[in-house]
Amino acid sequence: MSETFKVCFCCSRSFKEKTRQPPGSIKRLFEAYSRNGKMSSDDLLRFVSQVQGEVHAGMDYVQDILHSVKHHNVFHIHGLIHLNAFYRYLFSDANSPLPLSGQVHHDMKAPLSHYFVYTGHNSYLTGNQVNSRSSVEPIVQALRTGVKVIELDLWPNPSGNAAEVRHGGTFTSHEDLQKCLNAIKDNAFHVSDYPVMITLEDHLPPNLQGQVAKMLSKTFRGMLFRSGSESCKHLPSPEELERKILISTKPPKEYLESQGVQTSRTPMDEDASWSRLASGTNLAWRGENKNPEEEEEESEAVGYRDLIAVQAGNCKNSLKDCLSDDPEKPRRISMNEQWLETMVRTRGTEVVRFTQRNLVRIYPKSTRVDSSNFDPLVAWTHGAQMVAFNMQGHGKQLWIMQGMFRGNGGCGYVKKPRILLDTQTIFDPCKRLPIKTTLKVNIYTGQGWDLDFPQTHFDQYSPPDFFVKIGIAGVPRDTVSYRTQTAVDQWFPIWKDEFLFQLSVPELALLWFRVQDYDNDTQNDFAGQTCLPLPELKSGVRAVRLHDRAGKAYKNARLLVSFSFDPPYTFHIS
């Protein structure tokens with residue numbers, strides 16, 4: 001068979017259509033585990049145990065594999081399968097490099113500070129940070145893809161009689177607060193029952209804060225988590241907070257003033273959702289001889305403050321004070337990406353120590369008006385739990401974020417590795433550590449683009465010329481990237497590329513892939529991407545499913561890749 005491309009009205013080019021034949025390396029692998037061109041159930045069990053590393057697999061596991069390819073009519077009699085059936089199994093979803101979605105396998109009984117949490121920034125915006133539309137749609141989409149922290153900016157409406165959601169000081173539109181709260185309520189636990197946190201960037205007077213408190217109480221009712229005690233040495237665990245909504249914001253201004261805390265802005269207060277955290281834990285109101293209006297304002301503030309499950313604060317005074325740890329009460333602070341980079345240059349280990357008990361939220365700098373994102377590894381390698389991302393943006397940094405939270409069944413919470421929780425030897429991400437293991441990756445082939453894309457999507461006059469870029473995102477020493485050779489004029493490319501990644505901190509590493517169509521004269525065309533967390537990666541020959549720019553999985557496009565660690569490495573997650 002041939003494939004024809006029109007060059008002009010009277011000319012055309014024909015290319016011999018290559019079929020989905022297994023590459024030679026896969027044929028040899030099949031021959032090693034089959035007899036007379038046929039593989040029995042026992043042979044398949046031997047393969048999944050010895051090559052795929054499924055050491056606990058039994059005959060039930062094999063039967064599930066056989067059933068997954070049965071409807072393709074590729075069986076021999078008596079359940080024996082031939083090469084095409086074996087090849088189809090290797091490319092199936094049953095042969096994923098990650099545990100199946102929904103399978104939570106991390107310890108979920110530790111304090112919240114022990115987890116990375118999937119966190120959104122300006123969650124209501126549909127596009128850029130300047131003039132895009134505000135809507136509940138991105139909130140719904142974020143929650144339904146596993147995001148567990150939603151940010152809402154609250155401002156008085158033009159009449160001053162109600163709160164609305166909008167990005168203040170810009171030309172973005174506003175959205176109704178009640179619609180946003182309803183969207184959160186209806187979708188909060190679509191992916192998992194673990195808690196959802198709402199971070200409020202609050203620009204409201206006391207009377208509107210009181211209104212918001214009533215709206216929150218009425219909307220979420222028993223779902224709202226109230227701490228109930230001002231003395232709490234550790235944050236609750238995700239398991240304790242199942243199906244709970246947590247409100248996180250600064251305490252009301254009037255409450256801060258009553259505690260004698262200054263409310264002036266500091267240089268780090270770029271994100272207006274953060275104000276100084278009240279010092280001390282005495283919640284009794286101070287001051288006497290107040291008039292009725294003042295008492296009403298304080299009453300509104302008290303009602304609003306009582307709903308705050310996680311009090312938010314920003315860094316104040318010196319960097320040392322910012323990272324001071326109150327052993328009686330964990331807290332949450334926020335800083336933008338630039339301040340984080342400044343802090344880790346001089347106080348990296350102090351940041352790691354602080355995040356062992358306290359929450360840290362990192363948000364994009366104000367100049368990212370296009371909703372682009374920053375490198376989350378700087379925050380993660382220093383223990384920061386809440387890396388606030390513009391989910392409406394695209395690009396490599398968002399793909400890395402999505403890759404991290406494919407871990408732990410995609411539930412929105414990923415347990416931090418032990419190295420970040422060790423209180424005796426504080427981890428220093430900048431320290432050059434010895435190599436612990438080497439990840440070997442072989443990229444064999446790929447398929448599915450002919451089904452997911454039109455014939456002329458990549459090249460007008462010929463089949464595509466695919467190549468793969470592959471790399472590690474992790475601590476600086478481990479970060480590296482490579483690329484395969486280009487497979488010219490092939491919908492079903494075959495590569496013979498092997499890559500070695502030496503890893504000093506594999507616990508904090510992610511492996512990313514980006515497939516492109518090579519073009520001589522123009523920019524290379526995008527053909528898929530994905531990112532995989534190394535602590536979850538299964539060994540053996542695996543089908544790596546590709547995603548579009550926004551992170552949505554293609555229906556058919558996949559790579560066939562093998563993974564192995566030398567020496568074998570055990571990841572300690574719980």
Side-chain angles (χ1 to χ4, degrees), residues 112-113 115-123 129 149-153 167-168 197 199-203 235 248-251 256 261-279 308 310-326 329-369 371-390 393 397 401 404 416 420 426-430:
L112 282 179
S113 57
Y115 299 85
F116 298 125
V117 189
Y118 207 173
T119 302
H121 177 255
N122 290 348
S123 305
Q129 306 286 309
V149 181
I150 297 295
E151 182 188 32
L152 302 177
D153 293 11
H167 191 27
M197 185 181 296
T199 58
L200 300 178
E201 183 179 324
D202 173 10
H203 304 271
L235 294 164
S248 182
T249 186
K250 62 182 183 287
L256 291 177
V261 180
Q262 298 295 318
T263 58
S264 59
R265 291 168 65 89
T266 70
M268 294 193 71
D269 201 16
E270 181 182 325
D271 185 345
S273 67
W274 302 102
S275 180
R276 298 186 178 190
L277 184 66
S279 59
I308 300 174
V310 182
Q311 287 188 352
N314 70 315
C315 291
K316 59 181 179 180
N317 303 325
S318 67
L319 295 180
K320 182 178 181 180
D321 290 339
C322 174
L323 298 174
S324 62
D325 183 17
D326 181 353
K329 186 174 177 62
R331 59 193 177 111
R332 183 173 78 102
I333 64 171
S334 179
M335 64 184 78
N336 69 28
E337 57 178 292
Q338 292 167 306
W339 272 99
L340 174 68
E341 291 172 358
T342 299
M343 188 169 289
V344 300
R345 280 197 292 268
T346 56
R347 298 184 178 274
T349 55
E350 292 179 50
V351 175
V352 174
R353 184 188 296 276
F354 182 80
T355 60
Q356 292 177 342
R357 289 188 66 256
N358 304 275
L359 298 177
V360 172
R361 176 178 176 268
I362 311 299
Y363 57 91
K365 59 186 178 182
S366 60
T367 54
R368 292 189 181 276
V369 295
S371 292
S372 61
N373 288 299
F374 55 96
D375 181 3
L377 267 302
V378 178
W380 288 334
T381 55
H382 288 83
Q385 299 88 351
M386 303 167 67
V387 183
F389 255 45
N390 294 311
Q397 306 307 342
M401 175 68 71
M404 168 64 84
K416 293 198 287 188
L420 290 174
I426 303 300
F427 176 65
D428 183 355
C430 296

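Values reported hereafter were calculated over all heavy atoms of this structure, with side chains retained and with hydrogens, waters and symmetry mates removed.
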Specify the closest pair of heavy atoms between [X] and [Y], including all atoms of both residues, with the distance to one decimal.
{"X": "Pro364", "Y": "Ala388", "answer": "CD-O, 3.4 Å"}
{"X": "Leu377", "Y": "Asp375", "answer": "N-OD1, 3.0 Å"}
{"X": "Thr349", "Y": "Ile426", "answer": "O-CG2, 3.3 Å"}

Partners meeting ring-ring contact (aromatic ring centres under 6.0 Å, His included) with Tyr115 (sequence neighbours left out): none
Could you tell me which residues satisfy ring-ring contact (aromatic ring centres under 6.0 Å, His included) with Phe389, sequence neighbours excluded, listed by chain and number? Phe374
So do [Y] and [X] actually touch side chain to side chain, heavy atoms under 4.5 Å?
{"X": "Met401", "Y": "Tyr118", "value": "yes"}
{"X": "Ile333", "Y": "Asn358", "value": "no"}
{"X": "Val360", "Y": "Gln385", "value": "yes"}
{"X": "Leu359", "Y": "Arg331", "value": "no"}

Salt bridge check, Glu201 against Lys250: does any charged N sit closer than 4.0 Å to a carboxylate O? no
Name all residues meeting the side chain to side chain contact (heavy atoms under 4.5 Å, CB included) criterion together with [X]; count only those two or more places apart in sequence or in a different chain, and write none if there are none.
{"X": "Ala379", "value": "Leu340, Ile362, Ala384, Val387"}
{"X": "Arg357", "value": "Lys233, His234, Asp325, Pro330"}
{"X": "Ser371", "value": "Gln129, Asn390, Gln392"}

Euclidean distance, [Y] [atom2] relative to [X] [atom1], rounded to 0.5 Å:
{"X": "Trp339", "Y": "Ser334", "atom1": "CH2", "atom2": "OG", "answer": "13.0 Å"}
{"X": "Leu200", "Y": "Leu152", "atom1": "CG", "atom2": "CG", "answer": "6.0 Å"}
{"X": "Met335", "Y": "Tyr363", "atom1": "CE", "atom2": "OH", "answer": "9.0 Å"}

Sidechain-backbone polar pair: [X] side chain, [Y] backbone, donor-acceptor under 3.5 Å:
{"X": "Thr367", "Y": "Lys365", "answer": "no"}
{"X": "Lys416", "Y": "Thr355", "answer": "yes"}
{"X": "Glu151", "Y": "Asn122", "answer": "yes"}

Pair Val351, Met343 - check side chain to side chain contact (heavy atoms under 4.5 Å, CB included), show working. CA-CA 8 Å; Val351 175; Met343 188 169 289; 3.7 Å; yes
Please say which of Met386, Gln311, Met197 ends up in a side chain to side chain contact (heavy atoms under 4.5 Å, CB included) with Ser248. Met197
May I ask you to check whether Arg361 and Thr199 show a side-chain donor-acceptor distance below 3.5 Å? no
Contacts of Arg368 meeting salt bridge (charged side-chain N to carboxylate O under 4.0 Å, His left out) (sequence neighbours excluded), chain-then-number -> Glu337
Can you classify the ring geometry of Trp380 versus Phe116 as parallel (below 30°), tilted (30 to 60°) or perpendicular (above 60°)? tilted
